[in-house]
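This report concerns only the one structure given below.
The figures here come from the full heavy-atom set of this structure, side chains too, leaving out hydrogens, waters and symmetry mates.
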Amino acid sequence: MIATVPTEKKPDEVPPAAAVDGEEDEEMEEEGAPEAQGAGGEGKKKKKKKKPKKKSKLEQTEPPTIGLTKLFPDGNFPEGELQEYKDDNSYRTTSEEKRYDERMAMEDPEVTYNNIRRAAEVHRQVRKYARKTIRPGMRMLEIADLIENGVRNLVEENGLESGIGFPTGLSLNHCAAHYSPNSGDTIVLGEKDVLKVDIGVHVKGRICDSAFTLTFDPTYEKLLEAVKAATDTGVREAGIDVRLGELAGYIQETMESYEVEVNGKVLPVKPIENLSGHTIAPYQIHGGKSVLLVKNDDPTKMEEGEYFAIETFGSTGRGKVIEQGEVSHYARKVDAPHVPLRLTSAKALLKSINKNFGTLPWCRRYLERAGESKYLLALNHLVSQGIVQDYPPLCDVRGSMTAQFEHTILLRPTRKEVVSRGDDY
């Protein structure tokens with residue numbers, strides 16, 4: 001079960017990349033006696049030999065601004081953490097047939113793992129900077145900007161070819177998911193806040209979805225430890241032919257083995273029962289299958305070739321969330337109905353959404369960045385017509401604290417690849 005990253009560099013380190021010319025040094029070298037003497041007895045002069053040009057590695061800046069294709073000019077991006085399948089699927093590791101299937105997948109531009117690996121490396125580098133930069137006193141808009149600017153620069157944003165996979169989640173405290181600051185937001189990160197940071201990056205529709213939680217108050221360290229352990233359990237136990245209901249039970253068992261002491265009172269850590277992990281399809285963050293966080297009777301199996309976001313949420317509250325607060329997240333429905341739109345502004349807005357986001361999720365700030373203004377009436381009309389889905393913030397009871405950790409895994413024919421794994425989590 002011990003997995004290794006089969007590259008010489010850890011995922012968060014910037015590997016050797018495009019070289020730039022250094023200064024040339026030339027010097028005379030003596031190599032023994034002269035080869036011959038002329039009639040005058042003068043030795044033959046040796047030609048000057050040039051030393052090889054010195055090369056320096058291109059390294060990522062801080063904040064990160066250099067596109068990944070410049071750091072990896074050969075177009076090969078690091079693998080994630082590899083874990084072997086267990087039990088009846090252990091044969092896959094050495095199966096020649098399965099190895100052949102993987103080679104064919106890498107050669108197929110529609111299937112290749114290279115796109116998700118590029119997205120994952122962007123995620124690692126951006127989150128590394130975010131984790132050491134985010135501090136109490138920063139505005140939520142400032143935090144969102146530093147993350148999203150990093151993603152756009154490193155993934156070399158290019159329309160629907162590459163860019164942000166979904167709005168940056170910055171849910172605080174009892175809010176577990178789906179909060180991203182809208183323009184004009186004045187919330188400031190506090191010393192005692194628990195911040196969930198959920199970042200999405202896509203390359204050609206392959207979305208790397210990974211999240212972590214930050215706290216600056218040791219009170220809630222056990223909460224974070226519980227949720228991280230539950231996610232690690234989900235990643236470890238996931239695999240081809242694993243039933244989703246049973247996987248949820250492993251996650252629940254791990255999380256519920258933890259407690260948090262708050263102001264002298266011991267609180268159980270509860271998995272949030274109505275949140276889940278999920279499959280990821282091209283240009284579609286929720287692919288259809290769900291990994292709940294409490295044991296259930298779902299007999300659905302994980303299958304070869306699927307991408308899963310193994311995502312767990314824990315709470316010191318009731319362990320159940322409701323929709324609450326101002327909406328920031330939206331997405332055009334994959335199966336959106338073809339209905340006549342009576343508002344000209346709604347037609348224009350839908351055209352902009354199709355052009356800039358397709359079926360990828362987005363937030364109001366992204367609309368404004370695309371040049372839209374005074375769009376709320378049109379947006380609400382698209383929601384009411386069932387063309388666009390809104391995703392309000394999801395909150396547990398006020399006063400509770402929630403945490404989230406998440407990794408994207410790829411169920412390759414021979415091994416499970418935790419594509420988003422880094423040296424931070």
- Please step through side chain to side chain donor-acceptor pair (under 3.5 Å) for the pair R365 and N182, ending with a clear verdict. CA-CA 6 Å; R365 285 184 294 109; N182 288 323; 5.8 Å; no
- Are F77 and F72 an aromatic pair by the rule of ring centers under 6.0 Å?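 They qualify: ring centres under 6.0 Å apart.
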- Would you check if the distance from the ring center of H329 to the ring center of Y179 is below 6.0 Å?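 Between H329 and Y179, the centre distance exceeds or equals 6.0 Å.
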Is the shortest distance from a Lys or Arg side-chain nitrogen in [X] or [Y] to a carboxylate oxygen in the other one below 4.0 Å?
{"X": "E417", "Y": "R117", "answer": "yes"}
{"X": "E157", "Y": "R369", "answer": "yes"}
{"X": "E259", "Y": "K265", "answer": "no"}
{"X": "E156", "Y": "K70", "answer": "yes"}
{"X": "D232", "Y": "K228", "answer": "yes"}
{"X": "D424", "Y": "R127", "answer": "yes"}

- Message: Can you give me the closest heavy-atom contact between L68 and R118, atom names plus distance?
- Response: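 That would be CD2-O, 3.5 Å.
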- Shortest non-hydrogen contact between V260 and L223, atoms and distance: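 Shortest heavy-atom contact: CG2-N, 3.6 Å.
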- Message: With side chain to side chain contact (heavy atoms under 4.5 Å, CB included) as the criterion, how do V201 and I207 come out once you've worked through the C-alpha distance, each side chain's angles and the decisive distance to 0.1 Å?
- Response: CA-CA 6 Å; V201 185; I207 305 169; over 6 Å; no
- Just grab all the side chain to side chain donor-acceptor pair (under 3.5 Å) pairs involving residues 163-173, residues at least two apart or on different chains.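 Sorted pair list: E148-T168, N173-D193.
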- Item | Test salt bridge (Lys or Arg N to Asp or Glu O under 4.0 Å) applied to R412 and E84, E79, E304, the passing residue |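 With R412 as partner, E84, E79, E304 yield a single salt bridge (Lys or Arg N to Asp or Glu O under 4.0 Å), made by E79.
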- Message: Which residue in the set E406, E121, E81 passes salt bridge (Lys or Arg N to Asp or Glu O under 4.0 Å) when paired with R421?
- Response: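 Of the listed residues E406, E121, E81, the salt bridge (Lys or Arg N to Asp or Glu O under 4.0 Å) partner of R421 is E81.
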Under 3.5 Å: donor-acceptor pair, side chain of [X], backbone of [Y]:
{"X": "T133", "Y": "Y129", "value": "yes"}
{"X": "S180", "Y": "S328", "value": "no"}
{"X": "N89", "Y": "I240", "value": "yes"}
{"X": "K86", "Y": "R236", "value": "no"}
{"X": "S95", "Y": "R92", "value": "no"}
{"X": "T61", "Y": "T65", "value": "yes"}
{"X": "Q389", "Y": "Y330", "value": "no"}
{"X": "K270", "Y": "T316", "value": "no"}
{"X": "T213", "Y": "Q404", "value": "yes"}
{"X": "N158", "Y": "G163", "value": "no"}

Using a 6.0 Å cut-off, check whether atom [atom1] of [X] has over 12 heavy atoms from anything other than its own residue.
{"X": "D74", "atom1": "CG", "value": "yes"}
{"X": "K289", "atom1": "NZ", "value": "yes"}
{"X": "Y91", "atom1": "OH", "value": "yes"}
{"X": "K355", "atom1": "NZ", "value": "no"}
{"X": "D297", "atom1": "CG", "value": "no"}

- Item | Pair E368, S183: side-chain N/O donor-acceptor within cut-off below 3.5 Å |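 Yes, S183 and E368 have a side-chain donor paired with an acceptor closer than 3.5 Å.
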- Query: Just checking, any donor-acceptor pair under 3.5 angstrom between side chains of N356 and S352?
  - Reply: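 Indeed, the side chains of N356 and S352 share at least one donor-acceptor pair under 3.5 Å.
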- side chain to side chain contact (heavy atoms under 4.5 Å, CB included) between D298 and L292, worked out: CA-CA 9 Å; D298 186 354; L292 294 173; over 6 Å; no
- Item | Test: R131 cationic atom under 6.0 Å from F212 six-membered ring centre, within 45° of axis |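 Yes, R131 lies over the aromatic ring of F212.
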- Is the NZ or CZ atom of R243 positioned over Y250's six-membered ring, under 6.0 angstrom from the centre and within 45° of the axis?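 No; the conditions do not both hold, so R243 does not lie above the ring face of Y250.
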Any chance you could measure [X], atom [atom1], to [Y], atom [atom2], to the nearest 0.5 Å?
{"X": "L71", "Y": "T69", "atom1": "CG", "atom2": "OG1", "value": "8.0 Å"}
{"X": "L275", "Y": "S315", "atom1": "CG", "atom2": "OG", "value": "10.0 Å"}
{"X": "R206", "Y": "S162", "atom1": "CZ", "atom2": "OG", "value": "15.5 Å"}

- Message: Using side chain to side chain contact (heavy atoms under 4.5 Å, CB included), reason through D209 and I280 one step at a time and then give a plain yes or no.
- Response: CA-CA 9 Å; D209 182 2; I280 305 174; 3.9 Å; yes
- Message: Is there a side chain to side chain contact (heavy atoms under 4.5 Å, CB included) between I251 and L293? Walk through the geometry before answering.
- Response: CA-CA 6 Å; I251 291 169; L293 310 184; 4.3 Å; yes
- Query: Among Y375, F166, Y391, F357, whose ring-ring contact (aromatic ring centres under 6.0 Å, His included) with W362 holds?
  - Reply: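 So the option named by the test is F357.
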- Query: Please, which pairs that meet ring-ring contact (aromatic ring centres under 6.0 Å, His included) have at least one residue in residues 265-299, sequence neighbours excluded?
  - Reply: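 Output for this query lists H202-Y283, H278-H286.
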